[in-house]
Amino acid sequence: MTTYDGRTALITGSSRGIGRALALTLARDGCSIVVNYKKNAELADQVRKEVEALGARALTVAADVEQPEEIDRLFAVVAAEFGALDFFVSNAAASAFKNIMDLRQHHLDRSYAMNLRAFVLGCQQAVRLMPDGGRIVALSSYGSIRAYPTYANLGAAKAAIEAWVRYMAVEFGGRGINVNAVNGGIIDTESSGYFYDVPGMAPLAGVLPKIPKGRMGTAQEVADVIAFLLSPASEYITGQTIVADGGLSIVAPPFMQDLSAPLT
């Protein structure tokens with residue numbers, strides 16, 4: 001048996017980006033995948049076909065995790081189709097990228113509902129479907145530990161998610177459930193493209209050289225870290241946030257690129 005053979009994973013927001021990359025990674029080793037999406041049925045169905053082409057079972061479920069009743073329905077479908085769940089990956093996220101003084105109540109409310117509340121409610125549902133233990137992984141970002149322009153609304157939500165991960169690891173450990181987070185840096189997905197397209201945002205061409213790895217990360221590189229946290233190799237890891245950012249969060253000005261002779 002391969003690592004994920006006979007397992008079932010629910011990945012929110014898995015019609016594209018990191019969620020899609022993870023779905024295909026797990027499917028290659030036999031994991032059944034519940035592909036959750038909000039609107040784009042065509043993209044979700046394409047992921048389903050790709051998963052099935054790899055020999056694994058796939059199910060697409062449209063559900064807006066910003067709505068609690070939609071979360072209930074999503075997990076009801078999982079329970080009806082599979083009976084139990086091994087892996088829950090909270091990947092779906094959205095927010096308004098604005099300066100703090102420009103944020104309105106609906107921006108705050110929607111960011112809370114989409115990012116933080118959806119994670120907590122989803123975990124409650126997932127735990128009920130993990131009688132024999134399981135794994136939960138939340139996607140975070142470097143805005144949870146570093147402050148930068150227009151990211152306060154989402155970054156604060158991600159920081160809260162990382163705190164919830166620690167509390168859940170303690171509370172769910174006795175149930176055989178590991179809870180962790182993966183904190184990504186600048187990853188080559190539509191989300192990063194959207195953020196760096198905010199009018200007036202610093203151009204990527206000036207940002208990437210300051211990262212020790214000198215480039216964006218890929219969706220596959222983040223998916224591989226998540227897959228590790230879902231594997232037996234991570235059995236003794238829980239309550240942790242694994243950073244996959246190419247060294248972005250360890251550097252500070254003055255940057256290497258700003259130095260001049262005679263420094264070497």
Side-chain angles (χ1 to χ4, degrees), residues 11-26 89-100 111 114-116 119 136-166 179-231 234 237 239-259:
I11 308 167
T12 63
S14 47
S15 63
R16 57 188 176 181
I18 294 168
R20 172 185 173 275
L22 177 63
L24 299 182
T25 297
L26 300 179
V89 179
S90 182
N91 169 67
S95 189
F97 299 122
K98 295 179 178 293
N99 293 322
I100 293 171
S111 186
M114 180 69 192
N115 300 288
L116 185 56
F119 171 59
I136 295 172
V137 177
L139 268 294
S140 186
S141 74
Y142 74 107
S144 70
I145 52 176
R146 296 289 183 270
Y148 53 95
T150 75
Y151 208 81
N153 198 21
L154 184 55
K158 294 295 190 181
I161 286 172
E162 292 180 14
W164 276 95
V165 161
R166 293 188 289 272
V179 187
N180 292 290
V182 175
N183 185 314
I186 303 175
I187 309 302
D188 190 7
T189 62
E190 289 182 17
S191 296
S192 288
Y194 179 80
F195 176 76
Y196 278 94
D197 199 37
V198 170
M201 182 55 62
L204 263 175
V207 174
L208 295 181
K210 294 179 170 62
I211 301 174
K213 293 293 286 186
R215 63 171 176 84
M216 301 176 80
T218 68
Q220 187 61 56
E221 286 171 324
V222 178
D224 287 342
V225 177
I226 302 169
F228 163 71
L229 290 173
L230 300 178
S231 76
S234 68
I237 300 174
Q240 305 303 308
T241 297
I242 308 299
V243 179
D245 67 358
L248 172 62
S249 59
I250 64 171
V251 293
F255 298 101
M256 295 293 290
Q257 292 78 8
D258 298 331
L259 303 181

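Just so it is clear, the values below take in all heavy atoms, side chains as well, and ignore hydrogens, waters and symmetry mates.
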Kindly compute the distance separating OG (Ser144) from NZ (Lys158), expressed to the nearest 0.5 Å. 9.0 Å
Closest non-hydrogen atom pair, Met114 against Ala93: CE-N, 4.0 Å
Would you find a donor on one side and an acceptor on the other, under 3.5 Å apart, between the side chain of Lys98 and the backbone of Ala152? no
Is the shortest side-chain heavy-atom distance between Ile186 and Leu248 below 4.5 Å? yes
Classify the side-chain pair Ser95/Asn153 by whether it contains a donor and acceptor separated by less than 3.5 Å. yes
Look up atom OG in Ser140 and atom CG in Asp245, then write down how far apart they are to the nearest 0.5 Å. 11.0 Å
For Tyr151 and Ser141: C-alpha separation, side-chain torsions, deciding distance, then whether side chain to side chain donor-acceptor pair (under 3.5 Å) applies. CA-CA 10 Å; Tyr151 208 81; Ser141 74; 2.9 Å; yes
Rounded distance (nearest 0.5 Å) linking atom CZ of Phe195 with atom OG1 of Thr150: 4.0 Å
Would you say the side chain of Tyr196 lies within less than 4.5 Å of the side chain of Val207, judging by non-hydrogen atoms? yes
Side-chain heavy-atom pair Arg215, Leu208 within 4.5 angstrom cut-off: no
Looking at Glu221 and Lys213, is there a salt bridge between them, counting it only when a charged N and a carboxylate O are closer than 4.0 Å? no
Check: Ala157 main-chain N/O paired with Asn115 side-chain donor or acceptor under 3.5 Å: no
Worked check of side-chain contact (heavy atoms from CB on, under 4.5 Å) between Leu116 and Trp164: CA-CA 9 Å; Leu116 185 56; Trp164 276 95; 3.5 Å; yes
Ignoring hydrogens and angles, tell me if any N or O in the side chain of Ser90 forms a donor-acceptor pair with the backbone of Phe119 under 3.5 Å. no
Val225 and Ala244 have their tightest heavy-atom pair at CG2-CB, 4.2 Å
Determine yes or no for a side-chain-to-main-chain donor-acceptor pair under 3.5 angstrom, with Thr241 supplying the side chain and Glu162 the backbone. no
Check whether any side-chain heavy atom of Ile226 sits under 4.5 Å from a side-chain heavy atom of Val89, and report yes or no. yes
What is the distance from atom CZ of Arg166 to atom CG of Asn180, rounded to the nearest 0.5 Å? 11.5 Å
Using a 3.5 Å distance criterion without hydrogens, assess whether the side chain of Asn183 forms a donor-acceptor pair with backbone atoms of Tyr142. yes
Going from CG on Leu229 to CD on Gln240, what distance comes out if it is rounded to the nearest 0.5 angstrom? 10.0 Å
Check: Val222 and Leu139 side chains under 4.5 Å, non-hydrogen atoms: yes
What distance do Arg16 atom CZ and Glu190 atom CD have between them, rounded to the nearest 0.5 Å? 4.5 Å
When Ile11, Val182, Asn91, Ile242 are each screened for side-chain contact (heavy atoms from CB on, under 4.5 Å) with Val137, the one that passes is Val182
To check you understand the geometry: which heavy-atom pair defines the closest contact between Pro212 and Val251, and what is its length? CG-CG1, 3.4 Å
Is it true that, when you exclude Tyr194 itself, more than 12 heavy atoms of the residues, nucleotides or ligands shown sit nearer than 6.0 Å to its OH? no
Locate the shortest heavy-atom distance separating Thr25 from Ala227; write the atom from each residue and the value. CG2-CB, 4.1 Å
Heavy atoms only: give me the nearest Pro149-Met201 pair and the separation to one decimal. O-CE, 3.9 Å
Using modelled atom types only, decide if a donor and an acceptor are shared between the side chain of Arg20 and the backbone of Ser14 within a distance under 3.5 Å. no
With side chains defined as the heavy atoms from C-beta onward, is the minimum distance between Thr218 and Asp188 less than 4.5 Å? no
